[in-house]
Amino acid sequence: MNDFSEEALVAFLEESREHTEAETVLKKGETILKLLSNRLSLPSMAHMHLSRVDLCGSDMTYVDLFVANLEAALLVGTVFSQADLMEANLTRANLGGSAFFDADISKACFQEANLAKVDFTEVNAEGARFTGADIGHGSILMDANFTGADLSRTSLQGAKLKSADLTGANLIGADLRGAENLTCDQLRSAIINATTQLPAYMKINWISDSKYDCEINED
């Protein structure tokens, strides 16, 4: 784009909101980065198609991405603090090391996404879908709301789960080995079965297919 005025950049984003062509999506990514590099405010990107866009390391704090399509996007190290990502599509997105402090990601889709070393502190992930995603390697889920979230077949190896709300969360087939600060109360509030892999400090005695005793090994 030859005209780098704020008005022209914002107008381009609005005009191309639903365009899916690879070249246009690339230009949308470049436009967003141009606005950020000039310390200009980003417009609402609700419902915008940004599949496969590269926004690695950018600061998307407070940005409106409601129902945005970020499928397979490159978002390594991107900051989404207090952003609105409700119902956004981040399927297979690469979000390694990204930060979502206090963001709203409720009902968003992160299936098969890379969320290694992500910061989900105080996020609202109610009803979000993470099937097959990697949220391990020390990811921080402290005080996060995962009520009703689908974490089935998700890797949570080494995740920090202090005070995370897992009420009704589906942990069937999830890998929680090495997870920190997971309590029996949190586990009981979630949905698990014998395929759920748990930290070594948790002892589970299955009574039936759905009932079990849980103890924390202090040693």
Side-chain angles (χ1 to χ4, degrees), residues 1 9-10 12-37 40-137 139-141 144-146 149-155:
M1 296 180 67
L9 294 172
V10 171
F12 170 72
L13 287 176
E14 185 58 40
E15 291 166 4
S16 61
R17 180 177 295 276
E18 297 182 5
H19 293 189
T20 61
E21 298 85 356
E23 184 177 351
T24 304
V25 173
L26 176 63
K27 288 181 179 179
K28 280 191 275 190
E30 292 173 347
T31 300
I32 292 167
L33 293 175
K34 188 69 178 180
L35 286 166
L36 291 172
S37 67
L40 300 173
S41 298
L42 292 178
S44 169
M45 288 186 279
H47 298 273
M48 189 172 288
H49 187 97
L50 295 166
S51 179
R52 300 184 185 278
V53 74
D54 185 346
L55 294 172
C56 291
S58 58
D59 188 349
M60 307 287 280
T61 301
Y62 299 120
V63 172
D64 180 7
L65 288 160
F66 175 69
V67 198
N69 184 355
L70 290 153
E71 183 175 358
L74 296 175
L75 301 163
V76 175
T78 301
V79 178
F80 292 101
S81 296
Q82 296 181 291
D84 182 355
L85 288 138
M86 288 179 60
E87 300 183 42
N89 179 13
L90 293 111
T91 303
R92 296 188 301 280
N94 188 348
L95 293 142
S98 53
F100 287 81
F101 174 76
D102 198 27
D104 190 344
I105 59 173
S106 56
K107 297 183 180 179
C109 183
F110 291 88
Q111 291 179 336
E112 299 180 14
N114 173 27
L115 291 158
K117 299 182 180 179
V118 75
D119 186 352
F120 270 162
T121 302
E122 296 185 22
V123 299
N124 177 17
E126 185 173 357
R129 290 169 288 161
F130 297 92
T131 306
D134 182 355
I135 320 177
H137 308 281
S139 291
I140 304 171
L141 281 65
N145 176 15
F146 280 85
D150 186 354
L151 293 157
S152 58
R153 294 186 286 108
T154 297
S155 174

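As the structure is a prediction and not an experimental result, all values here were calculated from the model.
Using the six-membered ring where Trp is involved, Phe110 and Phe130 have ring planes that are parallel, under 30° apart on the 30 and 60° scheme.
Heavy atoms only, all atoms of each residue included: Val63 and Leu42 are closest at CG2-CD1, 3.6 Å. The two residues Val53 and Gly29 have their closest heavy-atom pair at CG2-CA, 3.4 Å. Shortest non-hydrogen contact noted between Leu75 and Cys56 is N-SG, 4.0 Å.
Contact check for His49 versus His19: no side-chain heavy atoms found under the 4.5 Å cut-off. The side-chain heavy atoms of Asn89 and Ser51, taken from C-beta on, include no pair separated by under 4.5 Å. With contacts defined as side-chain heavy-atom distances shorter than 4.5 Å, the pair Leu13/Met48 qualifies. With a 4.5 Å cut-off on side-chain heavy atoms, Ile32 and Met60 count as touching. Contact of the Leu33 side chain with the Ser58 side chain is registered, since non-hydrogen atoms from C-beta on lie closer than 4.5 Å. Side-chain contact check for Thr24 versus Ser16: some heavy-atom pair is nearer than 4.5 Å.
Of the possible donor and acceptor atoms, one in the side chain of Thr78 sits under 3.5 Å from a partner among the backbone N and O of Leu55. Remark: the backbone N or O of Ala46 is paired with a side-chain donor or acceptor of Arg17 at under 3.5 angstrom. Of the possible donor and acceptor atoms, one in the side chain of Ser139 sits under 3.5 Å from a partner among the backbone N and O of Leu115.
With sequence neighbours excluded, the residues that form a ring-ring contact (aromatic ring centres under 6.0 Å, His included) with Phe66 are His47.
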Verdict with supporting geometry, Ile105 and Leu90, side-chain contact (heavy atoms from CB on, under 4.5 Å): CA-CA 10 Å; Ile105 59 173; Leu90 293 111; over 6 Å; no
Does the pair Val118 and Phe80 meet the rule for a side-chain contact (heavy atoms from CB on, under 4.5 Å), with working shown? CA-CA 11 Å; Val118 75; Phe80 292 101; over 6 Å; no
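Separation of atoms CD (Glu87) and CG (Asp104) is listed at 9.5 Å; rounding is to 0.5 Å.
Under 4.0 Å is where a charged nitrogen must lie from a carboxylate oxygen, and between Lys27 and Glu30 no such pair does.
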